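Okay, structure first, notes after.
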Amino acid sequence: PGMCAATEEHVGIIGGSRTHNELLAAFLAEATGLSCRCEASLAAFRTTGRLPDRGSPVLLLLDCLNLSHDAVLKVVAEELRQAAANESLALFNLAPALTIEQDALRLGVKGFFYEGDSPGSIAHGIQSILQGDYWVSRKILVDCLLHDTPEGHAVVCREPSLSRRENQVLALLVEGLSNKAIADRLCISLPTVKTHVSKIFRKIHLSSRLEAIRRADRHPGP
């Protein structure tokens, strides 16, 4: 069931609003070329259809329409415990009044799409997440970091194991910049940024951008 643009599904739209979600799936397939499938639950998405191999990213979009703060976090916690290494989770149809972002980020959510967001904005965000970025405002990332940083100290980046350029890239990651924004800031190509990010994560044993932000004050510069 659901709408697909190819033989493997790279985006799963999860929730009970079947008609609305299938319309979104059709738009995403047309706008991005990504294959999408709608299911009522994440379990159903994983057990039907054909998923990409574990080297290809899969984004799971959880429909939060009419869900409470606690209900969303419960589902997120349960599903991320079962998530495969190549699966990312984002929330959509999210009510801003829930103020759930900091808690969800700490659990591992990679992006947020709100009630009233345009399909075009959702498509752009999905592509960013599948490329390894977060889809979340810089303010929310910084607020989350400051909440977890004792006494709200300013964050500086100086990892001795990294090259000068890698430390520059790390500093911009900590600011919340996307790969494309980092490429523009440093006047380097997007593939070069992705290579630097991969090396940074490997060298200092990081698994996510949020982890990089939290770690950034451990090796202060002079």
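This is a predicted model, so every value here is computed, not measured.
Atom CG of N179 is separated from atom CG of L190 by 6.0 Å, given to the nearest 0.5 angstrom. Distance check, rounded to the nearest 0.5 Å: CZ of F112 to CD of E101 gives 5.5 Å. Remark: Y114 OH to L98 CG distance equals 9.5 Å, nearest 0.5 Å. Between the OG1 atom of T32 and the CZ atom of F27 there is a distance of 8.5 Å, given to the nearest 0.5 Å. Interatomic distance, L62 CG to L91 CG, rounded to the nearest 0.5 Å: 6.0 Å. To the nearest 0.5 angstrom, Y134 atom OH is 14.0 Å from S178 atom OG.
Within the 4.5 Å cutoff, the side chain of L34 has no heavy atoms near those of the L28 side chain. Looking at heavy atoms from C-beta onward, R185 lies in side-chain contact with L172 at the 4.5 angstrom threshold. Residues E166 and L170 have side chains not in contact (no heavy-atom distance under 4.5 Å, counting atoms from C-beta outward). No side-chain heavy atom of F92 sits less than 4.5 Å from a side-chain heavy atom of L65. Under the 4.5 Å side-chain criterion, counting only non-hydrogen atoms from C-beta, R37 is in contact with F45. Under the 4.5 Å side-chain criterion, counting only non-hydrogen atoms from C-beta, L107 is not in contact with L89. Residues I129 and D133 form no side-chain contact, since every pair of their non-hydrogen atoms from C-beta on lies 4.5 Å or further apart. Under the 4.5 Å side-chain criterion, counting only non-hydrogen atoms from C-beta, N21 is not in contact with I14.
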Applying side-chain contact (heavy atoms from CB on, under 4.5 Å), run through K180 and V193 and close with a yes or a no. CA-CA 8 Å; K180 184 178 185 306; V193 172; over 6 Å; no
Go through the steps to decide whether V58 and V11 satisfy the test side-chain contact (heavy atoms from CB on, under 4.5 Å), and finish with yes or no. CA-CA 6 Å; V58 176; V11 178; over 6 Å; no
Given the rule in the side-chain contact (heavy atoms from CB on, under 4.5 Å) test, do I13 and E39 qualify, once you have shown the distances and angles that lead to the verdict? CA-CA 6 Å; I13 303 178; E39 293 290 351; over 6 Å; no
Pair T192-T195, side chain to side chain donor-acceptor pair (under 3.5 Å): steps then yes or no: CA-CA 5 Å; T192 299; T195 297; over 6 Å; no
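Shown here is K74, whose NZ atom has no more than 12 heavy atoms of other residues, nucleotides or ligands within 6.0 Å. Remark: H69 NE2 is packed, more than 12 non-hydrogen atoms of other residues, nucleotides or ligands lying under 6.0 Å away.
Using the six-membered ring where Trp is involved, W135 and F113 have ring planes that are parallel, under 30° apart on the 30 and 60° scheme.
For V169 against I182, the heavy-atom pair with the smallest separation is O-CD1, 4.2 Å. Of all heavy-atom pairs between A104 and L73, the closest is N-CD2, 4.1 Å.
No donor-acceptor contact under 3.5 angstrom links the side chains of S118 and S121, judged on distance only.
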